[in-house]
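Read the structure below first, then the notes.
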Amino acid sequence: MCRWSPLNDRQLALLTRITVRTLSRLELDPPYLEAWCHLRGDERVFTLSRIHGVMPT
C-alpha cells in the first residue's frame with residue numbers, strides 16, 4: 001500500500017507554479033523545444049506538453 005503525506009505550502013507552490021518566459025533562438029525537436037530563456041539568461045529545454053500557451057512579442 002502506498003501512503004502519501006499531505007503537501008506543505010512550498011511543495012504545493014512548486015506543483016502549481018506557472019511562469020511567463022520570453023524565448024528566442026528556438027529549435028523545435030518534438031517533444032522538446034530548445035531555446036534561449038531570457039528569464040534565466042541561459043539555454044533551456046522545454047517539454048511541449050507542459051507549455052500552456054504561446055503569444056508573439
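Quick caveat, the model's predicted, so the values are computed rather than measured.
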Q) Hydrophobic clusters join Ile, Leu, Val, Met, Phe, Trp and Tyr when side-chain heavy atoms are under 4.5 Å apart, directly or via other members; which others share one with Tyr32? A) Val45
Atom pairs and distances, side-chain donor-acceptor, residues 20-28, under 3.5 Å, sequence neighbours left out:
| from | atom 1 | to | atom 2 | distance (Å) |
| --- | --- | --- | --- | --- |
| Arg21 | NE | Thr19 | OG1 | 3.0 |
| Ser24 | OG | His38 | NE2 | 2.9 |

Q) What distance do Arg50 atom CZ and Leu33 atom CG have between them, rounded to the nearest 0.5 Å? A) 14.0 Å
**Q.** Reported CZ-to-CD distance for the pair Arg44 and Glu34, which is rounded to 0.5 angstrom
**A.** 13.0 Å
